[in-house]
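The structure appears right after this line, and notes come after that.
Keep in mind the model is a prediction, meaning the values are calculated, not measured. Just so it is clear: chains get the letters A, B, ... in the order the sequence lines come, proteins before strands, and each one is counted from 1.
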Protein chains: 2
Amino acid sequence: MILSQTEENYLKTIFKLEEKFSGSISTNAIAEMIKTTAASVTDMVKRLRTKKLVDHEKYKGTLLTKKGSAIAKNLIRKHRLWESFLVEKLNFNWDEVHDMAEQLEHIKSKILTKRLDEFLDHPKFDPHGDPIPDENGKIVYQSEILLSELKQNQTALITGVKDHSSKFLQYLETTKLVLGAKIKVLDVVDYDSSLLIQLNNKKEFRISEKVGNNLFVKSKSVI
Amino acid sequence: MILSQTEENYLKTIFKLEEKFSGSISTNAIAEMIKTTAASVTDMVKRLRTKKLVDHEKYKGTLLTKKGSAIAKNLIRKHRLWESFLVEKLNFNWDEVHDMAEQLEHIKSKILTKRLDEFLDHPKFDPHGDPIPDENGKIVYQSEILLSELKQNQTALITGVKDHSSKFLQYLETTKLVLGAKIKVLDVVDYDSSLLIQLNNKKEFRISEKVGNNLFVKSKSVI
DNA sequence: AAATATTTTTAGATAAGTCTAAAAATCCTT
DNA sequence: AAGGATTTTTAGACTTATCTAAAAATATTT
Ligand SMILES: [Mn+2]
Ligand SMILES: [Mn+2]
Ligand SMILES: [Mn+2]
Ligand SMILES: [Mn+2]
């Protein structure tokens with residue numbers, strides 16, 4: 001089946017909403033994420049239903065079928081492989097690659113995806129710490145704890161970001177709070193929930209509650 | 001200016017026709033190359049004219065403007081850089097890469113093209129021997145002689161192909177008539193214009209007039 | 001210079017994807 | 001359980017890109 005880029009983007013969006021919420025996805029949620037109107041979503045969801053890519057009953061919300069879900073996962077696989085390529089091979093920063101990957105994910109060639117994966121040595125995570133689905137669509141989710149959930153004296157590694165905005169990624173870049181960095185929580189300030197942390201056993205500095213709420217970490221003992 | 005893939009493909013097609021023929025390009029020639037109807041071409045050419053990408057007068061044919069030509073050359077640059085990437089880095093054969101490049105050439109990111117070019121060490125020719133336009137759109141054409149134009153006892157290197165079809169490239173692959181191979185014409189058969197050649201000072205074999213007419217060579221003395 | 005053939009354009013239809021405005025269904029509050 | 005608010009769908013319009021069939025212009029024969 002040949003799908004348009006638009007159809008593919010809808011499938012990916014619905015998949016991400018299913019990951020985030022459980023149960024069927026509202027027309028409005030899709031419209032908001034894809035930045036279009038509810039009317040357009042209703043139209044598209046109907047088309048995807050006739051192609052057996054989603055289940056949808058009037059006024060009851062939308063869910064991907066097995067087939068739709070498989071396509072969505074393959075798109076996410078391609079997106080994250082291309083992001084890895086851009087960072088690992090073309091020396092881009094992690095905050096520069098999303099928009100390019102958004103285009104590259106639509107390149108249709110099974111063998112190209114396979115060769116790219118080999119070229120990159122079968123990476124398991126993309127530059128933002130997100131898991132790359134395998135050829136069969138299997139996704140190994142990290143047990144994700146927010147940095148803000150850590151208690152005093154706990155140590156952890158940064159494994160991912162919740163907020164993918166360039167602004168946030170650039171903040172992380174300048175403060176060296178990058179993927180794989182080691183963090184120890186020295187103090188939690190009761191008043192504003194800000195944290196005093198130590199980075200890679202060296203520099204100590206404070207981060208706001210907002211930053212702590214948007215960084216995923218893996219408690220060191222789990223590694 | 002944001003162009004659709006369709007608009008980009010028209011510009012590229014018109015450019016290639018201008019390279020091949022001189023003077024303005026007929027509606028039918030475009031229609032045939034792009035595999036659509038003359039009516040569709042008329043519509044599109046009108047749209048490209050309002051965008052100042054082509055000059056077109058009713059019944060008088062079409063020519064790219066400076067702007068249209070620059071866009072076309074950048075597309076060809078991207079196409080050939082991606083083909084080089086696929087062959088040099090992902091280990092594809094030269095006969096497998098065209099369709100993928102046909103998609104990849106539409107990825108919109110100036111910096112990505114630049115980084116790709118650096119990653120590949122600024123290649124001057126693609127895997128089929130075609131010149132890669134530089135960032136400014138400059139194309140260095142090879143002085144192209146067809147293998148069939150060589151006389152008895154002349155020696156030459158294979159520099160490119162005229163027929164880009166998979167069938168032909170696969171024929172070349174099996175007969176080892178690849179880019180850079182050295183050829184000596186041992187005999188030209190009057191009756192059917194077939195050639196007896198020697199490949200890389202070793203194997204001798206016969207090739208048909210058709211094959212000779214579709215292989216570009218550089219006479220060894222010119223190198 | 002007519003007649004004929006070919007090329008090109010126009011006219012009108014169709015499909016994908018989008019929009020606004022209005023109608024219909026569902027959800028929430030009292 | 002009714003009334004109002006919100007969500008979702010429908011209706012109708014618009015754009016891009018395509019097609020077929022017919023009309024118009026140009027080119028080629030005779
Ligand atoms: Mn991304
Ligand atoms: Mn996308
Ligand atoms: Mn090609
Ligand atoms: Mn193309």
Within this structure, what is the [atom1]-to-[atom2] distance between [X] and [N], rounded to whole angstrom?
X: A/Lys60; N: C/dT26; atom1: NZ; atom2: C1'; result: 8 Å
X: A/Glu8; N: C/dA16; atom1: CD; atom2: P; result: 16 Å
X: B/Glu57; N: C/dT7; atom1: CD; atom2: P; result: 20 Å
X: A/Glu7; N: C/dT18; atom1: CD; atom2: P; result: 10 Å
X: A/Arg49; N: C/dA16; atom1: CZ; atom2: P; result: 15 Å
X: A/Asn28; N: C/dT26; atom1: CG; atom2: P; result: 16 Å
X: A/Leu3; N: C/dA15; atom1: CG; atom2: C1'; result: 16 Å

Please indicate whether B/Lys108 has more than 12 foreign heavy atoms, meaning atoms of other residues, nucleotides or ligands, lying under 6.0 Å from its NZ.
-> yes

Walk along DNA chain D from 5' to 3' and tell me the first and last nucleotide with an atom closer than 4.0 Å to a non-hydrogen atom of chain A.
-> D/dT7 to D/dT10

For A/Ser194, check side-chain hydrogen bond (donor to acceptor under 3.5 Å, both in side chains) against everything at least two apart and list the hits.
-> A/Asp192

So what does [X] hit on the nucleic acid, given a heavy-atom distance under 4.0 Å: a base, only sugar-phosphate, or nothing?
X: B/Thr42; answer: base
X: A/Thr27; answer: sugar-phosphate
X: B/Thr6; answer: sugar-phosphate

When you match B/Arg47 and B/Ala39 each to their closest nucleotide on DNA chain D, which lands nearer the 5' end?
-> B/Arg47

Are OP1 or OP2 of C/dG17 and a side-chain N or O of A/Ser4 less than 4.0 angstrom apart?
-> yes

Name the residue closer to the 5' end of DNA chain C, choosing between A/Thr36 and A/Tyr59 according to the nucleotide with the nearest heavy atom.
-> A/Thr36

Sidechain-backbone polar pair: A/Lys35 side chain, A/Met33 backbone, donor-acceptor under 3.5 Å = no

Okay, side chain of A/Thr27, backbone of A/Thr42: is any donor-acceptor separation there less than 3.5 Å?
-> no

For the residue pair B/Leu147 and B/Ile207, establish whether any side-chain heavy-atom pair is separated by less than 4.5 Å.
-> yes

Heavy-atom check, side chain of A/Asn9 versus side chain of A/His106, under 4.5 Å | yes

Name all pairs fulfilling the ring pair (Phe, Tyr, Trp, His ring centres under 6.0 Å) condition that reach into residues 59-80 of chain A, sequence neighbours left out, sorted by first residue then second.
-> A/His79-A/His98

